[in-house]
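Reading through the structure tokens given below for one structure.
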Amino acid sequence: MAEKTGLNVSTVSRALSRPERVNGATRQLVQKVAMEAGYTANIMARNLSRGTSDTILVLAPSFSGQAISQVFTQILLGICEEAEKLGQSVMLKQCLNQKISANDVLHYLRTGLADSALVVAAENWVLPRDKKPDEKHLPVVSIMKDLTADGLTSVITKEADGFASVVDHLIHQGHRSFAYIAGPNNITHEEIRYRAVRNRLAMHGYANCLIRLEGGPFDMPSGTEAAQHFLNLRERPKAVICCSDALALGFLHAVQNQGLKVPQDVAVTGYDGMDYTAFTTPALTTVIQPNVEIGRAAVQALRDLKCGCVTTPQLLALSPTFIARQSS
């Protein structure tokens, strides 16, 4: 193949095994000749010779009986796009009930099935005691949860800023009584979001004007159930802050079925910025998380870890975008 392309052997090899390391014209030439020659790379043999799999393991949380969230699918899009640019593959493992095990990560890394990993919203992350000395700086990055204290570079959203924007907006609209619909108990996101709402209201002098309603998993049925508790209140708050868009959609549907008008009788807000929120009736006020950008940034952070550019845990916090719509 080197003779047909007029390139030296090392350049051809690099174009086939690490295409991101050659210029576009060279890459296209080699790929064209390879296709004409019927060349197919033996990926396993290549990986064995190089001592790497070029595979990123992604561990995604989910709840039993539920599909992986739309938030994660957007993050995964960013991961796959950036991984492709770097010539890497992505392997997905679904972890039920948020149970992301450090042992699972080490198994994949030690066996060579993957050479780096991304853990999404990992709760109770603890590395096992049998971790070897050379595994002190594992190529593992946390997404959507700050695990820098546990030794992992982390890519998160500034969730507190997003909910502060929601509170500021509702107060500016004249609201003085608030309900917060919570997500699953003992989930980091839930704790951060509720605390952000409570603290921001306190800053405005409305610390005693908030009630908390239990929601449940970040899904529409949980929002519908929370709406029933809201409807049974003797004095209903005039603004409802849902900790996810899915909860907000379930809540919105349920209160409208009972004859309440949104936002005239109750203002409703969500969080996450799912595409469908622009098409609800009325369109939902929400906070858009930069999910695709988070996925890309996480893969870039893995690259920096693997090449030794970074040796201490880094925290990368991306800003969300508040968007006011007709529901508030």
Side-chain angles (χ1 to χ4, degrees), residues 66-67 69-74 157-183 189-190 193-194 196-198 200-201 204 206 209-292 319-328:
Q66 290 185 321
S69 74
Q70 291 186 44
V71 171
F72 174 72
T73 59
Q74 292 181 342
T157 304
K158 296 178 181 177
E159 294 183 300
D161 290 357
F163 278 93
S165 297
V166 170
V167 171
D168 292 348
H169 165 73
L170 291 172
I171 289 176
H172 180 73
Q173 294 295 97
H175 294 289
R176 299 295 181 265
S177 58
F178 308 86
Y180 174 84
I181 296 183
H189 294 306
E190 161 55 28
R193 296 174 184 189
Y194 177 60
V197 171
R198 188 182 58 202
R200 196 67 171 186
L201 284 172
H204 284 287
Y206 299 108
C209 301
L210 175 69
I211 64 170
R212 175 185 170 124
L213 298 175
E214 295 302 322
F218 300 116
D219 60 13
M220 291 178 233
S222 296
T224 300
E225 184 176 347
Q228 299 307 314
H229 297 304
F230 174 82
L231 292 166
N232 290 333
L233 293 173
R234 293 181 60 183
E235 295 185 10
R236 298 170 186 159
K238 294 298 183 181
V240 174
I241 302 169
C242 301
C243 83
S244 81
D245 287 339
L247 285 169
L249 187 57
F251 180 90
L252 190 69
H253 179 73
V255 296
Q256 287 177 320
N257 278 350
Q258 293 301 312
L260 295 187
K261 295 181 180 180
V262 178
Q264 293 89 340
D265 297 324
V266 58
V268 182
T269 67
Y271 187 92
D272 284 330
M274 296 294 94
D275 292 341
Y276 59 72
T277 58
F279 302 96
T280 57
T281 304
L284 184 67
T285 292
T286 188
V287 177
I288 301 174
Q289 295 199 86
N291 296 318
V292 175
S319 296
T321 302
F322 172 75
I323 181 165
R325 296 195 182 112
Q326 290 74 30
S327 70
S328 61

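For this chain, numbers begin at 1 and follow the sequence in order. What you see below is based on every heavy atom in this structure, not just the backbone, and it leaves out hydrogens, waters and symmetry mates.
If you take CD1 on Ile211 and CG on Leu233, they are separated by 4.5 Å, rounding to the nearest 0.5 Å. Summarising the geometry, atom CG belonging to Leu252 is positioned 8.0 Å from atom OG1 belonging to Thr281; distances are rounded to the nearest 0.5 Å. To the nearest 0.5 Å, atoms CD1 (Ile171) and CG (Leu201) are separated by 5.5 Å. Annotation: the span from Phe178 atom CZ to Leu170 atom CG amounts to 6.0 Å, rounded to 0.5 Å. The distance from atom CZ of Phe230 to atom CG of Leu260, rounded to the nearest 0.5 Å, is 6.5 Å. Distance OG1/Thr280 to CG/Leu249: 6.5 Å, rounded to 0.5 Å.
Residue pairs meeting the ring pair (Phe, Tyr, Trp, His ring centres under 6.0 Å) criterion with at least one member in residues 258-281, sequence neighbours excluded, are Phe163-Tyr271. Evaluation of the salt bridge (Lys or Arg N to Asp or Glu O under 4.0 Å) test over residues 224-237, restricted to residues two or more places apart or in two chains, returns none. For the salt bridge (Lys or Arg N to Asp or Glu O under 4.0 Å) condition, the pairs that include at least one residue of residues 271-286, sequence neighbours left out, are Arg193-Asp272. Annotation: side-chain hydrogen bond (donor to acceptor under 3.5 Å, both in side chains) contacts involving residues 250-269, sequence neighbours excluded, comprise His253-Asn257.
Distance alone, capped at 3.5 Å, is enough to place a donor-acceptor pair between the Glu190 side chain and the Gly183 backbone. Formation of a donor-acceptor pair under 3.5 Å by the Ser222 side chain with backbone atoms of Pro217 is found in this model.
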Show your reasoning for whether side chain to side chain contact (heavy atoms under 4.5 Å, CB included) applies to Leu247 and Phe251. CA-CA 6 Å; Leu247 285 169; Phe251 180 90; over 6 Å; no
Test side chain to side chain contact (heavy atoms under 4.5 Å, CB included) applied to Ile323 and Ile288, step by step: CA-CA 7 Å; Ile323 181 165; Ile288 301 174; 4.1 Å; yes
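Nearest heavy atoms, Ala283 versus Ala278: CB-O, 3.8 Å. The two atoms that bring Pro290 and Ser319 nearest to each other are CG-O, 3.7 Å, heavy atoms only. Ala196 approaches Ala160 most closely through the heavy-atom pair CB-CA, 3.7 Å. Counting all heavy atoms, side chain and backbone alike, Val255 lies closest to Ala227 at CG1-CB, 4.1 Å. Shown here for Lys238 and Ser177, the closest heavy-atom pair between the two residues is N-OG, 3.0 Å. Minimum interatomic distance between Ala226 and Leu213 (heavy atoms only, all atoms of both residues): O-CD1, 4.1 Å.
The salt bridge (Lys or Arg N to Asp or Glu O under 4.0 Å) search around Asp245 returns none, not counting sequence neighbours. By the ring-ring contact (aromatic ring centres under 6.0 Å, His included) test, Tyr206 is found to be paired with no residue, residues two or more places apart in sequence or in another chain being considered. Residues satisfying the side chain to side chain contact (heavy atoms under 4.5 Å, CB included) test with Pro263, not counting sequence neighbours, are Ala267. Applying the side-chain hydrogen bond (donor to acceptor under 3.5 Å, both in side chains) criterion to Glu214, with sequence neighbours excluded, gives Arg212. Contacts of His169 classified as ring-ring contact (aromatic ring centres under 6.0 Å, His included), with partners at least two apart in sequence or in another chain: Phe322. For Arg325, the salt bridge (Lys or Arg N to Asp or Glu O under 4.0 Å) criterion is met by no residue, not counting sequence neighbours. Scored by the side-chain hydrogen bond (donor to acceptor under 3.5 Å, both in side chains) test, His204 finds Asp168 as partners (sequence neighbours excluded). Contacts of Ser327 classified as side chain to side chain contact (heavy atoms under 4.5 Å, CB included), with partners at least two apart in sequence or in another chain: Val262, Pro282, Leu284, Thr285.
Paired with Val167 under the rule side-chain contact (heavy atoms from CB on, under 4.5 Å), one option of Arg200, Arg198, His172, His175 passes, and it is Arg200.
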